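Before any comments, here is the structure.
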Amino acid sequence: MNSDNHINAIAEQLKQARHCVVLTGAGVSAESGIPTFRDALSGLWEKFRPEDLATAEAYRKNPEMVYAWYQWRRQLISDTEPNAGHYALAELAKRVERLTLITQNVDGLHQRAGSADVIEFHGNIFRNRCFAENTALAPDTTRSEKPPLCPVCGAMARPDVVWFGEALEPQVLQASAEAIDDCDVFLSIGTSSLVYPASELGLAARSNGAVLIEINPQQTPLTAVCQFSVTANSAGVLPHMVRALKT
Ligand code: NAD
């Protein structure tokens, strides 16, 4: 059910919330033209699976191929714009008492739409770090498919994103856990709720007593435990929801 009453009931929950945590996934950027990982890769990369490219092992075996994929994705993202869903979430932060935005997206589109203090759960594709020492390096502004080298130790640079099988940054985990412990409303948007540990955040919020709301055109493992589920694309429904908050 996606009637106006349903949207108004969600807006009411958001109005009353003391601390709302929003978790976003690749679906929020789908309407900007950035494919989700559940969509088949397109063009040059259609024969590959992200699970075979986005790993440290793949990078060790074939750094130029993996780095070329990241340079291609960086270009693809640079050519896109935030969509109405990103802008609505930036607006939502001004209209609720407190909002923490956690994103699994590495594309920086929330920040480009005006969201501040975004917790980047899986890093940011435009940053690089040293593959050996893990130190921050300057972003690569070239279009070269060859990984740049760390100016200090000479090791290869790598994109500053969390690859499959890697641990998250401890400060990211801590900031997210603190927000989840404190929140009374949890909004899950455009995520399949399949990628651990992001998939646990909604469940943790629920066991702390938070109201769970989901926006996704497809069912996910979280849908059954949500009090409110909106079966729709985020760029369409989020502006509507934020407008309902103003009335
Ligand atoms: P996912 O690919 O597993 O799932 C995407 C979800 O979005 C699906 O449940 C799908 O039904 C939903 N969806 C599709 N179109 C939508 C729309 N218009 N509005 C709302 N929802 C929509 O993505 P995930 O859950 O974020 O996890 C996969 C991993 O992929 C994450 O680690 C993320 O970092 C990475 N990733 C990021 C980007 C990006 O930064 N834009 C793109 C692809 C993958």
Side-chain angles (χ1 to χ4, degrees), residues 2 7 10 22-43 45-46 48-56 66 69-70 72-89 101-113 115 118-127 159-169 172-173 176 186-203 213-224 226 228-241:
N2 291 329
I7 300 295
I10 293 171
V22 179
L23 172 69
T24 64
V28 168
S29 294
E31 286 158 278
S32 291
I34 302 172
T36 69
F37 274 180
R38 310 288 139 190
D39 292 334
L41 293 187
S42 56
W45 297 98
E46 67 191 346
F48 294 89
R49 295 187 324 141
E51 295 87 331
D52 296 334
L53 292 169
T55 69
V66 173
W69 182 53
Y70 278 94
W72 174 79
R73 289 178 61 206
R74 283 168 172 167
Q75 191 56 48
L76 185 134
I77 293 167
S78 298
D79 291 341
T80 65
E81 297 292 334
N83 63 53
H86 295 106
Y87 287 111
L89 287 176
L101 177 55
I102 305 174
T103 188
Q104 295 167 88
N105 296 343
V106 296
D107 56 33
L109 287 183
H110 284 302
Q111 292 90 330
R112 278 169 62 192
S115 287
V118 181
I119 299 178
E120 293 184 309
F121 213 63
H122 292 157
N124 186 299
I125 196 167
F126 293 102
R127 293 193 302 254
D160 191 4
V161 297
V162 178
W163 279 331
F164 290 106
E166 288 187 325
L168 270 65
E169 292 293 324
V172 162
L173 280 175
S176 304
F186 180 89
L187 190 51
S188 173
I189 314 174
T191 169
S192 60
S193 293
L194 289 172
V195 178
Y196 178 85
S199 54
E200 298 292 300
L201 298 180
L203 299 175
I213 304 165
E214 183 180 59
I215 300 174
N216 198 310
Q218 309 279 338
Q219 298 247 321
T220 78
L222 201 67
T223 313
C226 285
F228 297 91
S229 162
V230 181
T231 314
N233 289 347
S234 50
V237 83
L238 278 170
H240 188 33
M241 199 174 276

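Position 1 is the first residue of the sequence, and the numbers go up from there. Counting starts at 1 for both ligands and their atoms, in listed order. All values reported here derive from a predicted model rather than from experimental measurement.
Between the OG atom in Ser193 and the CD atom in Gln218 there is a gap of 12.5 Å [rounded to 0.5 Å]. Separating the CZ atom in Phe228 from the CD1 atom in Ile215 is a distance of 12.0 Å, to the nearest 0.5 Å.
Residue nearest to atom 41 (N) of ligand 1, selected from Leu76, Asn105, Thr223, Asp107: Asp107 (by heavy-atom distance). Relative to atom 4 (O) of ligand 1, the option among Pro217, Ser188, Ala198, Ser192 with the closest non-hydrogen atom is Ser192. Taking each of Gly25, Pro35, Ala30, Ala54 in turn, the one with a heavy atom nearest to atom 42 (C) of ligand 1 proves to be Pro35.
In terms of N/O distances under 3.5 Å, ligand 1 is not approached by Ser193. On a distance-only criterion, Gly190 and ligand 1 share at least one N/O pair closer than 3.5 Å. Among the atoms of Arg73, none of the N or O lies under 3.5 angstrom from an N or O of ligand 1. Considering backbone and side-chain atoms alike, Thr220 places every N or O at 3.5 Å or more from each N or O of ligand 1.
Contacts of Val106 with ligand 1, taken as heavy-atom pairs under 4.0 Å, involve both backbone and side chain. Counting heavy atoms under 4.0 Å from ligand 1, residue Ile34 touches it through the side chain alone.
In plain terms, the two heavy atoms of Thr103 and Asn105 that are nearest each other are OG1-N, 3.0 Å. Nearest heavy-atom pair across Pro221 and Ser192 is CD-O, 3.3 Å. Between Ser176 and Phe121, the shortest heavy-atom contact is OG-CE1, 3.4 Å. Heavy atoms only, all atoms of each residue included: Pro239 and Ala88 are closest at N-CB, 3.7 Å.
By the 30° and 60° cut-offs, the orientation of the rings of His86 relative to His110 is perpendicular.
Of all the atoms in ligand 1, the ones that sit under 4.0 Å from a non-hydrogen atom of Asn216 are 8 (C), 9 (O), 10 (C), 11 (O), 12 (C). Each of the atoms 17 (C), 18 (N), 19 (N) of ligand 1 lies under 4.0 Å from some heavy atom of Glu31. Contact atoms of ligand 1 toward Gln218: 11 (O) (distance under 4.0 Å to a heavy atom of the residue). For ligand 1 and Ser29, the ligand atoms under 4.0 Å from any heavy atom of the residue are 41 (N). Interface atoms of ligand 1 facing Ala26, defined by a heavy-atom separation under 4.0 Å, are 23 (O), 24 (P), 26 (O), 38 (C), 42 (C), 43 (C), 44 (C).
Within the 4.0 Å heavy-atom cutoff, Val195 counts among the residues contacting ligand 1.
Residues passing the side-chain hydrogen bond (donor to acceptor under 3.5 Å, both in side chains) test with Glu169, sequence neighbours excluded: none. Residues that satisfy the side-chain hydrogen bond (donor to acceptor under 3.5 Å, both in side chains) test with Ser32, not counting sequence neighbours, are Asn83.
At distances below 3.5 Å, at least one donor-acceptor pair connects side-chain atoms of Asn216 with backbone N or O atoms of Thr191.
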